[in-house]
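Right, one structure below, let's go through it.
Note that the structure is predicted; figures quoted are calculated from it, not measured. Indexing begins at 1, ligand by ligand and atom by atom, following the structure's order. Numbering of residues begins at 1 and proceeds along the displayed sequence.
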Amino acid sequence: MATDSWLLLPPLLLLQLLGVWLADAQTQQGSITPGSSLSPTAQGAAASWLSPSGRFGFGFYPVDDGGAFKVGVWLATGPQRTVVWTAERDDPPVSDGTLRLTFDGRLLWSAPGGREKAISRAGVPGSSAAMLDSGNFVLYGSGGRVVWSTFDSPTDTILPGQSLLPGQELLSKASEGDWSTGKFRLKMQSDGNLVLYPAETTDTAIDAYWDTGTFMVGFPLTLNLTSDGVLYLSGNNSRYMKNLTQANPPSSSGDRAGAYFRATLDTDGIFRLHSHRFVGNSSNYSSTHSVEWEVLKDMCLVKGECGPNSYCQPAGNGAAGCLCPPGFEFVDATQASLGCRRNSTEGFCGGRVAFTMAAMENTFWADQPYAVLSSASAEECKAACLGDCFCEAALFQDGSCTKQLLPLRYGRKNQNYTAFIKVGPDEHPEGTGFSPAREKKVRVDILVICVVLATSSVVIFAVSAILIHRYRRARGYTRPYGTSESSALDEDSPTRAFSYQELETATGSFTVELGRGAFGRVFKGSLAVNGAGKPIAVKRLDKMVDEGEKENLVRLLGFCNEGSNRLLVYEYMGNGSLADLLFKDAAGVNPCWEQRLRIALDVARGLQYLHEDLETHIIHCDIKPQNILMDAAGTAKISDFGLAKLMMPDQTRTFTGIRGTRGYLAPEWHRNSPITVKTDVYSFGVVLLEIVCRRRSMELEEAGEDVTLAEYVYERLRAGELGELVRGEAVDEAELERAVRAGIWCVQNDPAARPSMKSVVLMLEGNMQVPVPPPPPPLS
Ligand SMILES: *[C@@H]1O[C@H](CO)[C@@H](O)[C@H](O)[C@H]1NC(C)=O
Ligand SMILES: *[C@@H]1O[C@H](CO)[C@@H](O)[C@H](O)[C@H]1NC(C)=O
Ligand SMILES: *[C@@H]1O[C@H](CO)[C@@H](O)[C@H](O)[C@H]1NC(C)=O
Ligand SMILES: *[C@@H]1O[C@H](CO)[C@@H](O)[C@H](O)[C@H]1NC(C)=O
Ligand SMILES: *[C@@H]1O[C@H](CO)[C@@H](O)[C@H](O)[C@H]1NC(C)=O
Ligand SMILES: *[C@@H]1O[C@H](CO)[C@@H](O)[C@H](O)[C@H]1NC(C)=O
Ligand SMILES: *[C@@H]1O[C@H](CO)[C@@H](O)[C@H](O)[C@H]1NC(C)=O
């Protein structure tokens with residue numbers, strides 16, 4: 001091993017480690033010569049190569065009882081070995097075979113039947129190999145240099161002296177006796193954060209269940225372990241150190257050299273530091289095992305412990321059980337952790353059955369909602385899900401209501417939430433239903449987080465199925481599953497497109513007004529269904545026509561949804577995007593300062609409208625110059641509301657889809673913080689600085705400079721050199737300084753420190769003082 005790397009450790013640590021080094025230093029180099037081989041079964045052949053101390057072995061180790069073997073490195077902890085590395089872990093075990101250091105310098109595993117597998121992946125042939133006392137099995141090149149080692153490619157464990165490098169991950173094993181890839185991973189992200197995720201996920205905050213929070217230190221970090229059990233992160237040439245564990249006190253017998261540490265991502269998804277202590281000598285030793293440290297104790301916090309649509313219930317002592325919510329059954333009753341599925345195939349959209357909401361106290365799913373309603377009551381939350389045929393479940397917490405699609409992931413008990421699950425008829429009848437007569441207010445859900453529906457000024461409708469459900473429930477109406485085909489518009493028909501004509505007729509030319517919202521009026525109407533009149537409510541978003549802000553949104557003119565065709569019709573924006581205008585230098589037309597400031601205000605007003613003027617607040621989530629389009633009059637309008645994301649049936653893809661664009665992402669995307677309107681404010685701040693400087697935010701970083709555009713701008717602001725930002729262009733200095741200060745405020749790390757869009761508009765207009773901002777967060 002590379003002993004000189006230890007010289008960088010603090011002197012104290014160095015001394016502590018000295019004892020262990022001596023053992024390493026005495027390791028015979030390259031004791032395994034080409035031609036040497038191992039076999040698990042052949043008479044007279046060795047099954048393993050041991051380290052000089054005999055503690056570590058490399059070779060065939062037995063798996064289960066069936067006489068099968070895998071190849072790996074283990075710590076000899078008694079009758080059962082503790083495997084710390086496995087070759088080709090997802091290959092099936094073999095019952096026979098040979099492992100050989102070939103004469104051309106490769107470590108080759110030949111299984112019976114002529115199958116061969118190269119175990120070492122070195123670019124250079126090896127000339128000898130050794131099982132070291134550190135637990136590293138190494139292949140040396142001709143110059144004595146290590147050309148390949150098991151430490152380079154960790155599986156589920158790191159040992160003292162071994163590192164998890166940026167981008168590398170540990171993958172848990174499947175089960176105690178099965179070393180193949182299991183359900184969890186620990187990733188040393190290149191942003192410096194060490195994060196635990198379920199195995200089959202992308203690196204998204206919503207999937208993370210533990211992290212070190214070390215993602216903004218400014219350089220990549222490495223996870224290292226010392227021989228005395230200090231697990232730490234280090235970076236910037238070891239100038240940065242963060243200990244995750246304490247140095248381990250010597251055991252009562254004082255036998256430090258006999259303590260072996262390993263950090264393993266265990267089968268249950270918990271990352272632990274284990275110690276094995278030995279007493280006695282190799283001919284008579286006993287070992288004890290203990291867990292020195294673990295990232296968490298509550299198994300229910302491990303995301304993926306319980307499968308889709310199930311929820312985790314603590315079973316005492318940190319253990320957990322997986323249960324199904326009402327209306328669901330286990331996918332496999334013998335393996336609860338595989339998750340649950342609905343026990344009926346009846347869909348909620350287009351079905352003919354009345355549904356109800358089953359309430360589950362103290363339960364929630366830590367998953368991304370597709371819609372968020374703020375300041376709703378529990379009853380309204382329930383009703384909102386019931387009235388939306390896409391909605392499968394709703395989570396209610398303290399006035400906030402989120403609507404969820406299947407699969408419901410990462411369910412567990414949490415006293416702060418009540419879950420409402422949509423279930424079939426006659427299940428969990430609740431006495432608390434509210435009568436339609438008392439429900440005067442027509443609640444219409446228009447908006448979806450990160451998605452804008454219907455900002456058209458013409459007519460967009462919302463048909464409230466809620467009333468119907470309520471009427472029917474009040475009358476005790478139920479229907480059996482799977483009756484005849486539904487007719488054109490049955491009582492539980494799915495959301496569909498209506499023609500204007502149809503709605504005009506249905507509402508008697510919009511005569512009976514039910515109520516007025518912030519941006520539209522609701523009319524009563526009636527649709528003919530099976531010869532009877534079906535009451536409906538139609539919301540007409542016509543109030544916005546003569547109001548200013550919506551001018552800053554690209555108009556949705558309509559939609560078409562026929563078969564596999566899903567189209568949205570927008571007004572035509574002939575002048576390209578803001579990105580073209582700012583960065584492309586198209587035809588040498590550089591927008592002047594006044595024009596740029598106007599564009600910034602256009603965008604700010606558009607966002608203000610989305611964030612504050614609508615009944616339900618909208619988070620755009622992907623504000624960037626490419627999504628800001630210029631109309632023929634030179635007005636900037638926000639576009640790309642990603643309605644497609646709402647339509648996408650596969651929810652997991654929705655998560656990755658809504659993550660915005662690098663360079664414009666607020667820091668909260670990288671941590672487990674909620675996404676709020678302030679997330680857009682951050683992106684807007686980046687865009688504003690780009691507009692001011694006419695430079696892309698990623699430009700500096702891509703040029704290898706260690707600063708963000710915001711940091712660069714901030715430095716110029718502090719130095720009183722704002723003129724540099726506009727490269728000598730003649731601008732109104734007060735306006736420039738206001739815009740720069742506002743931009744820096746918008747990109748603050750703490751969402752609460754960022755101003756609202758309303759304030760930003762006032763700042764840009766010069767109607768509000770802009771205080772001197774604190775520095776922006778450094779490059780992550
Ligand atoms: C890395 O360490 C050096 C020396 O201590 C320090 O000057 C520099 O700021 C550090 N780099 C970062 C990005 O913190
Ligand atoms: C941690 O490990 C990395 C990679 O092996 C090494 O470069 C670094 O120096 C180590 N850190 C310390 C403090 O020894
Ligand atoms: C980390 O642990 C080492 C070894 O115990 C100790 O010397 C060092 O002071 C610790 N560093 C911090 C920041 O706690
Ligand atoms: C190992 O220890 C036992 C007693 O614990 C002793 O009898 C034996 O001689 C020792 N063997 C070696 C090789 O030191
Ligand atoms: C082996 O070691 C244990 C504890 O060190 C001791 O109690 C036992 O007597 C030893 N056995 C032999 C055969 O020496
Ligand atoms: C579905 O499960 C519920 C219990 O959660 C049960 O009452 C209902 O009868 C089941 N329905 C079917 C079709 O199995
Ligand atoms: C419930 O909410 C309170 C206050 O917000 C918080 O302190 C507590 O940790 C939450 N409980 C759980 C189980 O999340």
Side-chain angles (χ1 to χ4, degrees), residues 1-21 24-25 84-85 132 134-138 145-155 157-170 186-194 212-251 256-257 259-263 271 273 275 292-293 667 670 700-701 703-712 714-715 749 775-780:
M1 62 190 282
T3 45
D4 45 310
S5 67
W6 296 103
L7 295 175
L8 299 164
L9 290 174
L12 195 75
L13 197 54
L14 207 64
L15 280 176
Q16 290 172 347
L17 295 175
L18 214 71
V20 184
W21 278 4
D24 254 2
V84 294
W85 183 84
L132 304 181
S134 59
N136 194 7
F137 183 83
V138 297
R145 205 168 53 85
V146 173
V147 294
W148 177 81
S149 76
T150 54
F151 271 19
D152 293 342
S153 51
T155 51
T157 297
I158 63 167
L159 291 171
Q162 188 174 8
S163 302
L164 198 59
L165 301 175
Q168 277 189 332
E169 55 188 17
L170 299 183
L186 174 75
K187 181 148 189 192
M188 186 69 256
Q189 293 185 169
S190 39
D191 67 0
N193 210 2
L194 181 67
T212 52
T214 46
F215 55 85
M216 295 251 280
V217 292
F219 34 77
L221 298 179
T222 301
L223 178 68
N224 300 18
L225 177 62
T226 68
S227 309
D228 60 350
V230 183
L231 194 59
Y232 63 96
L233 293 166
S234 83
N236 197 5
N237 292 320
S238 303
R239 281 183 285 256
Y240 175 96
M241 302 260 266
K242 183 190 164 91
N243 291 354
L244 300 179
T245 61
Q246 302 296 312
N248 221 268
S251 65
R256 174 181 298 286
Y260 285 76
F261 293 92
R262 65 183 167 94
F271 184 50
L273 180 66
S275 69
E292 304 288 337
W293 175 80
H670 303 292
L700 293 166
E701 205 181 311
E705 295 188 38
D706 265 358
V707 292
T708 59
L709 180 62
E711 284 177 289
Y712 168 75
Y714 180 74
E715 279 315 312
N749 192 22
L779 188 66
S780 60

key: Any donor-acceptor pair under 3.5 Å from T150 side chain to F137 backbone   = yes
query = Of all residues at least two apart in sequence or in a different chain, which pass the side chain to side chain donor-acceptor pair (under 3.5 Å) check with N243?
reply = none
task = Find all atoms of ligand 3 within a distance of less than 4.0 Å from any non-hydrogen atom belonging to N243, and give their numbers and elements.
result = 1 (C), 2 (O), 3 (C), 8 (C), 10 (C), 11 (N), 12 (C), 14 (O)
S190 (side chain) donor-acceptor with G167 (main chain) under 3.5 angstrom = no
request  = Determine yes or no for a side-chain-to-main-chain donor-acceptor pair under 3.5 angstrom, with W85 supplying the side chain and S153 the backbone.
outcome  = yes
inquiry  = List ligand 3 atoms under 4.0 Å from A247, heavy atoms only on the residue side.
reply    = 5 (O)
task = Go through ligand 2 atom by atom and flag the ones less than 4.0 Å from a non-hydrogen atom of M241.
result = 13 (C)
query = For Y232, is at least one N or O under 3.5 Å away from an N or O on ligand 2?
reply = yes
query = Any donor-acceptor pair under 3.5 Å linking the side chain of N136 with the backbone of V138?
reply = no
query = Would the number of heavy atoms belonging to other residues, nucleotides or ligands and lying under 6.0 Å from CD of E715 be above 12?
reply = yes
ask   = Under the criterion side chain to side chain contact (heavy atoms under 4.5 Å, CB included), which of L221, T222, T212 is the partner of M188?
value = L221
task = List every atom of ligand 2 that sits less than 4.0 Å from any heavy atom of S163, numbering the atoms from 1 in the order shown and giving each element.
result = 1 (C), 2 (O), 3 (C), 4 (C), 5 (O)
For each nitrogen or oxygen atom of ligand 1, which protein N/O atoms lie closer than 3.5 Å, and how far apart are they, rounded to 0.1 Å?
{"unit_1": "ligand 1", "atom_1": "2 (O)", "unit_2": "N236", "atom_2": "ND2", "d": "2.4"}
{"unit_1": "ligand 1", "atom_1": "2 (O)", "unit_2": "R239", "atom_2": "NE", "d": "2.8"}
{"unit_1": "ligand 1", "atom_1": "11 (N)", "unit_2": "N236", "atom_2": "ND2", "d": "2.8"}

inquiry  = Just so I know, are the side chains of P154 and L164 near enough to count as touching, which here means a heavy-atom distance under 4.5 Å?
reply    = yes
message = As a quick check of understanding, evaluate side chain to side chain contact (heavy atoms under 4.5 Å, CB included) for T245 and E292, giving each step before the final call.
response = CA-CA 9 Å; T245 61; E292 304 288 337; over 6 Å; no
query = Is Q162 near ligand 2, meaning one of its heavy atoms is under 4.0 Å from it?
reply = no
